[in-house]
Peer 1: 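First, the structure itself, so that you have it in front of you.
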There are 2 protein chains.
Amino acid sequence: MKVLTKHTDYAVRALISLGMKPDSWVTAKAVSEEQAIPYQFLRRIMQELIKSGLVVSREGAGGGVRLARDPDTIRVKDVIEIFQGAVQVSECMFRKQLCSNRANCVLRHEIMRIEQMVNDEFAKVTVGKLISDLKRVQVLSEPKL
Amino acid sequence: MKVLTKHTDYAVRALISLGMKPDSWVTAKAVSEEQAIPYQFLRRIMQELIKSGLVVSREGAGGGVRLARDPDTIRVKDVIEIFQGAVQVSECMFRKQLCSNRANCVLRHEIMRIEQMVNDEFAKVTVGKLISDLKRVQVLSEPKL
DNA sequence: TTAACTGATACTAAATTAGTATCAGTTAAC
DNA sequence: GTTAACTGATACTAATTTAGTATCAGTTAA
Ligand code: FES
Ligand code: FES
């Protein structure tokens, strides 16, 4: 049971790369090399992030992309929603307005609690938080890098 | 972002059906009609549930399936694991023993907390609990059914 | 003018999920 | 002891989602 797809995984990693180089235009190529993400695939992911307004781009030589706003305001939940849609444990609610069988609704009820929890947790994790965690880990383990 | 597949969804519903008719052999056909699940699909799901030991079967005319143990000991988490594997937010840990890039591990760390939470929550929901919830709802809304 | 970029879009491949079909064997009932 | 109602095993197809590739047009800096 995989919760995050490659799209989301790569997108978050790309956002971390961008967030660590504020105020500069970073190319898709640079990110793809740094994070070992297939270039063309990453380009398409970037284009989505741009359309969604999480990053802004500049065309042409010397161009690239950068975060559109403070990393602390970019939540992993936002990224998930862009690439995987909102977390929903079961889709049956949308099949019919009122489901034929109450048993499922009971299941659904239990499950929506969990859904809410997951959403809340992913909303707490921001790119800014990931970057500061990352820096802390680096300081501890590779001080002179 | 869909968390439960049809396999899991149908399996849980089937287990609820079985749990509501204790001490009797219920046929796949009956469950398929009661829960509006495609018959052949449900048969294969049942076979998995039998192999996994959650239900036991009896062959031949008058045969069918029944829960192998108390509904309170059958957790939705068990069903998810049978059909979707254990909840894992990101798979990257298994790519290499030590990942090339620490950034991902940071992400992973945050994410494993969420993974644990989801697992714990799904472990709390049992078929027995769903059945009792269901009965309560029926009493409230359809007292004479 | 050229090289280094992004924008847009079309395409393919692989994996997963969903569903169907068939035949063999078992049991109950007549 | 034949038949009908069942499960066991297994092979197959279809649909959807995920992952990845390719190409060409347009923009900008040097
Ligand atoms: S909401 Fe889907 S079955 Fe009740
Ligand atoms: S554990 Fe997968 S990248 Fe670190």
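By convention in this document, chain letters (A, B, ...) are assigned in the order of the sequence lines, proteins followed by strands, and residues within each chain are numbered from 1.
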Peer 1: Locate the shortest heavy-atom distance separating Ala123(A) from Arg75(A); write the atom from each residue and the value.
Peer 2: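 Reported closest heavy-atom pair: O-CD, 3.3 Å.
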Peer 1: Counting only side-chain N and O atoms of His7(B), is one of them less than 4.0 Å from OP1 or OP2 of dT17(C)?
Peer 2: no
Peer 1: What verdict does the side chain to side chain donor-acceptor pair (under 3.5 Å) test give for Asn119(A) and Glu115(A), after you've listed the backbone C-alpha separation in whole Å, the side-chain angles of each residue and the deciding distance to 0.1 Å?
Peer 2: CA-CA 6 Å; Asn119(A) 270 312; Glu115(A) 182 176 313; 4.8 Å; no
Peer 1: Got a second to check how far Tyr10(B)'s OH is from Ser32(B)'s OG, nearest 0.5 Å?
Peer 2: 10.5 Å
Peer 1: Taking only side-chain N and O atoms of Thr5(B), does any of them lie within less than 4.0 angstrom of OP1 or OP2 on dA18(C)?
Peer 2: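 It does, given that an N or O in the side chain of Thr5(B) lies less than 4.0 Å from OP1 or OP2 of dA18(C).
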Peer 1: Please identify which of these residues, Val118(B), Thr8(B), Val12(B), meets the side-chain contact (heavy atoms from CB on, under 4.5 Å) condition with Ile80(B).
Peer 2: Thr8(B)
Peer 1: Have a look at the helix from dT1(C)-dA30(D) to dC30(C)-dG1(D) and give the angle its two end axes make, five pairs each, rounded to 10 degrees.
Peer 2: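 Here the local axes at opposite ends form an angle of 0°.
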Peer 1: Between dT17(C) and Lys2(A), is there an OP1 or OP2 to side-chain N/O distance shorter than 4.0 Å?
Peer 2: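 No, because none of the side-chain N or O atoms of Lys2(A) sits under 4.0 Å from OP1 or OP2 of dT17(C).
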Peer 1: Between Tyr39(A) and Lys29(A), which heavy-atom pair has the shortest distance, and what is it?
Peer 2: CE1-N, 3.7 Å
Peer 1: Within this structure, what is the CG-to-P distance between Asp9(A) and dA19(D), rounded to whole angstrom?
Peer 2: 9 Å
Peer 1: Output side-chain donor-acceptor pairs under 3.5 Å for residues 50-74 of chain B, partner residues at least two apart or in another chain, one line each.
Peer 2:
residue: Ser52(B); atom: OG; partner: Glu48(B); partner atom: O; Å: 2.7
residue: Arg58(B); atom: NH2; partner: Gly62(B); partner atom: O; Å: 3.4
residue: Arg66(B); atom: NH2; partner: Asp23(B); partner atom: O; Å: 3.1
residue: Arg69(B); atom: NE; partner: Thr73(B); partner atom: OG1; Å: 3.1
residue: Arg69(B); atom: NH2; partner: Thr73(B); partner atom: O; Å: 3.0
residue: Asp70(B); atom: OD1; partner: Asp72(B); partner atom: N; Å: 2.7
residue: Thr73(B); atom: OG1; partner: Asp70(B); partner atom: O; Å: 2.7

Peer 1: Would you find a donor on one side and an acceptor on the other, under 3.5 Å apart, between the side chain of Gln84(B) and the backbone of Val3(B)?
Peer 2: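 Answer holds: yes.
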Peer 1: Specify the separation, in whole Å, of atom CD of Gln84(B) and atom P of dT17(D).
Peer 2: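 Whole-Å distance recorded here is 15 Å.
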Peer 1: Between C1' on dG20(D) and CZ on Phe83(A), what's the gap in Å once rounded to a whole number?
Peer 2: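 Atom-to-atom, Phe83(A) to dG20(D), this comes out as 14 Å.
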Peer 1: Whole-Å distance between dT18(D) P and Ile82(A) CD1?
Peer 2: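 One finds 15 Å between P of dT18(D) and CD1 of Ile82(A), rounded.
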Peer 1: Tell me: CD1 of Ile45(B) to P of dT7(D), nearest whole Å?
Peer 2: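 Taking atom P of dT7(D) as the reference, CD1 of Ile45(B) is at 14 Å.
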Peer 1: Between atom CZ in Arg66(A) and atom P in dC5(C), what is the gap in whole Å?
Peer 2: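 Going from Arg66(A) (CZ) to dC5(C) (P), I get 15 Å.
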Peer 1: I want to check one thing: is the phosphate of dG20(D), taken as OP1 and OP2, less than 4.0 Å away from some side-chain N or O of Tyr39(A)?
Peer 2: no
Peer 1: So, are Asp120(B) and Lys124(B) salt-bridged, with charged N and O less than 4.0 Å apart?
Peer 2: no
Peer 1: Expressed as a whole number of angstroms, how long is the span from Tyr10(A):OH to dA19(D):C1'?
Peer 2: 8 Å
Peer 1: Among Thr126(A), Val31(A), Leu130(A), Val127(A), which one satisfies side-chain contact (heavy atoms from CB on, under 4.5 Å) with Leu15(A)?
Peer 2: Val127(A)
Peer 1: Considering only dT6(C), dA5(D), dT21(D), which nucleotide approaches the side chain of Phe41(A) most closely?
Peer 2: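 Out of dT6(C), dA5(D), dT21(D), the nucleotide with an atom closest to Phe41(A)'s side chain is dT21(D).
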Peer 1: Where each residue is assigned the nucleotide of DNA chain C containing its nearest heavy atom, which of Ala61(A) and Leu42(B) is assigned the position nearer the 5′ end?
Peer 2: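 This one resolves to Ala61(A).
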Peer 1: Rounding to an integer number of Å, can you tell me how far Trp25(B) CH2 sits from dC6(D) P?
Peer 2: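 Distance, rounded to whole Å: 14 Å.
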Peer 1: Within the sub-3.5 Å range, which N or O atoms of nucleotides 8-15 of chain D have a protein N or O partner, and how far apart are they?
Peer 2:
residue: dG8(D); atom: OP1; partner: Ser57(B); partner atom: OG; Å: 2.6
residue: dG8(D); atom: N7; partner: Arg43(B); partner atom: NH2; Å: 3.2
residue: dG8(D); atom: O6; partner: Arg43(B); partner atom: NH2; Å: 3.1
residue: dA9(D); atom: N7; partner: Gln47(B); partner atom: OE1; Å: 3.3
residue: dA9(D); atom: N7; partner: Gln47(B); partner atom: NE2; Å: 3.1
residue: dA11(D); atom: N6; partner: Arg44(B); partner atom: NH1; Å: 3.2

